[in-house]
Structures are given as structure tokens and as C-alpha cells.
Amino acid sequence: MKKSTMFDLLLLVVRRDLILAMRRRADVLTTLIFFVMVVSLFPLGVGPEMGMLRKMAPGVLWVAALLASMLSLGRLFSADYLDGTLEQMMLAPQSLSMLVLGKMAAHWMVSGLPLVLMAPVLGVQFDMSAQALGVLILGLLLGTPILSMVGAIGAALTLGLRGGGVLLSLLVLPLCIPVLIFGTGAVEAVSTGLTAAPHLSLLGALLVLALAFTPWVTAQALRISME
């Protein structure tokens, strides 16, 4: 029998979680509807003054994306924890870090990637330029995976706790502040005629660091929570 490689294992976990997510479409749609509602309420609240809307746009879109990501983090491990799948994963001879990385990737595909695709559509109502929208998409492509990976650590630490949703937000939101700063800074830089390269480079560096460390840290947090 052909031995499965680590990459095969990663793809298997991603495929499994994507199938489960498609069976629970309401959870996915809840995140997207929340994102659309939060972003759409701001123009109604502050008025039609385009200069103010353009200035607010990067912060509003990034904060809405961050809060929408928080909504789905609680479900990252909870279903597997309740039906015993998570315990079986921890007993498996394969690397738990690789299994966790697969779950992070699937979480980003069903929560972060749709936000990236919808952001430029919502950005139009803030009168953002085409260049600013392009940088917004690129920043979200780099930043939303970080939100999923950092959030996974909080989801693992609060697994099975009463009131874990509130605690998860308190743990994760401060860690996401650098992503928020560099993401909004990139769009604001383009809007003022500067280059977004430094901000995007820092986001890229954070993504590499998150890829290197968060799967292992999350795996250790899961072991602590399951003890």
C-alpha cells in the first residue's frame, strides 16, 4: 500500500473540512452576511460625504473582516471535539501540527477567502479607487490567513470552556492588531500617493511567521485543553 505523505494528509484534512462546511452552509453564510451588514451600515451612519467615506474605508473593511473572522473561530475545533474526532486525531501517528494546518487552511477557504472576494464590491460604496481596491485585495489575501492561524490558537485554548467565545475574542483580538495596522496602512498609503510595499512586506513576513509557528503552538494548546 502506498504510504501517505504529509502533503496528502494536509489535502485530506482540507477536503474533509470543506465538505463538512458545505453541509453547514448557514454557518458560512452567517459570516458573510455579518461582514456585508457591518460594512454597509457605516455609509448609512456617517452620511454620503465621499471624502470621509474614502478615508474611513480601509479601517471599516479591515475591522469588519476581523470581526467576521472571529465569528467562525469558535467552530474550528468544537465539532470535532464534541464527536470525538479531535481525540482520534491526537492519537493518530501523523503530525498533529500538519492536521491543524489543514484545518486552518480549510477555515480560511470558507471564511477568509469569501471576505477577500467580497471586499472590492463593498469598497465601491466607499468610492475607493481601483488602485486602492487592488491593494486592499492583496492585503486581505496576506492578512486573513494570519487571522485564521492566530485565531486557531485562541480556539484551541478555549476549547470546551464555558463562555469560551468571549474569552476567545479577548485572547485573539490584541494579537491581530499588527495585521490591522499594516493592512489599513497599505490602503491609506496608496490613497495618499505613497507606496504600499513596506506594509505589504510586513504582512508577508507576519504570514511566514504564522505559517512557521502557529500550527505547532495550536497543536500544543489542543493537547493542554484535552488533558
Side-chain angles (χ1 to χ4, degrees), residues 1 3-28 30-31 34 65-115 143-179 206-227:
M1 179 182 291
K3 186 176 180 179
S4 297
T5 64
M6 298 296 280
F7 186 67
D8 294 333
L9 178 65
L10 179 68
L11 291 181
L12 184 65
V13 175
V14 171
R15 182 172 178 272
R16 170 188 174 274
D17 277 21
L18 289 180
I19 292 173
L20 291 176
M22 290 303 102
R23 291 177 181 173
R24 298 192 294 261
R25 293 186 182 88
D27 294 340
V28 179
T30 299
T31 302
F34 177 84
L66 174 59
L67 296 178
S69 297
M70 290 294 106
L71 281 183
S72 57
L73 283 175
R75 298 188 295 271
L76 186 54
F77 299 113
S78 60
D80 290 338
Y81 170 70
L82 293 173
D83 66 13
T85 304
L86 186 59
E87 191 173 4
Q88 294 301 316
M89 286 182 175
M90 297 180 71
L91 294 174
Q94 287 83 10
S95 167
L96 181 59
S97 298
M98 191 57 66
L99 295 172
V100 167
L101 181 60
K103 293 187 72 64
M104 291 173 174
H107 177 268
W108 177 74
M109 289 179 188
V110 298
S111 64
L113 185 57
L115 300 184
T144 48
I146 303 174
L147 300 182
S148 291
M149 288 187 278
V150 172
I153 299 174
L157 287 172
T158 58
L159 189 63
L161 295 181
R162 182 178 297 177
V166 177
L167 186 58
L168 170 62
S169 300
L170 293 175
L171 286 173
V172 171
L173 285 176
L175 299 176
C176 295
I177 289 176
V179 179
L206 289 176
L207 178 59
V208 172
L209 285 174
L211 276 171
F213 294 107
T214 55
W216 180 81
V217 175
T218 305
Q220 300 309 311
L222 284 174
R223 295 187 191 282
I224 293 171
S225 296
M226 295 292 288
E227 286 180 357

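- Residues passing the side-chain hydrogen bond (donor to acceptor under 3.5 Å, both in side chains) test with T85 are D83, sequence neighbours excluded.
- Rounding to the nearest 0.5 angstrom, the gap separating the CG atom in L18 from the CE atom in M109 is 6.0 Å.
- Scored by the side-chain hydrogen bond (donor to acceptor under 3.5 Å, both in side chains) test, R16 finds D80 as partners (sequence neighbours excluded).
- Of all the heavy atoms in G151 and L73, the pair that sits closest is CA-CD1, 3.5 Å.
- Across all their heavy atoms, A105 and V14 have their closest contact at CB-CG2, 4.0 Å.
- Between atom CE of residue M89 and atom CZ of residue F77 there is a gap of 9.0 Å, rounded to the nearest 0.5 Å.
- Between A26 and T30 the shortest heavy-atom distance is O-OG1, 2.7 Å.
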Which donor-acceptor pairs under 3.5 Å do the side chains of residues 206-222 make with protein atoms, sequence neighbours left out?
residue: T214; atom: OG1; partner: A210; partner atom: O; Å: 2.4
residue: T218; atom: OG1; partner: T214; partner atom: O; Å: 2.6

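- With S148 contributing its side chain and M104 its backbone, the two residues share no donor-acceptor pair below 3.5 Å.
- Taken to the nearest 0.5 Å, the CD1 atom of I146 stands 12.0 Å off from the CG atom of L175.
- Partners of L173 according to the side-chain contact (heavy atoms from CB on, under 4.5 Å) rule, which considers only residues two or more places apart in sequence or in another chain, are L66, M70, S169.
- Shown here for S69 and L147, the closest heavy-atom pair between the two residues is OG-CD1, 3.9 Å.
- L159 has its side chain within reach of L86: a pair of non-hydrogen atoms, C-beta onward, lies under 4.5 Å apart.
- The side-chain hydrogen bond (donor to acceptor under 3.5 Å, both in side chains) search around T144 returns W108, not counting sequence neighbours.
- Across A155 and L168, no two heavy atoms sit closer than the pair N-CD1, 3.2 Å.
- Rounded to the nearest 0.5 Å, atoms CG (D27) and CE (M22) are 10.5 Å apart.
- One finds the OG1 atom of T31 at 5.5 Å from the CG atom of L71 (value rounded to the nearest 0.5 Å).
- Checking each of M98, Q94, R15 against L10 for a side chain to side chain contact (heavy atoms under 4.5 Å, CB included) leaves exactly one that passes, namely M98.
- When all heavy atoms are compared, the tightest approach of A21 to V28 is O-CG2, 4.0 Å.
- For the pair L99 and M90, the minimum side-chain heavy-atom distance is 4.5 Å or more.
- With sequence neighbours left out, the side-chain hydrogen bond (donor to acceptor under 3.5 Å, both in side chains) criterion links D17 to K103.
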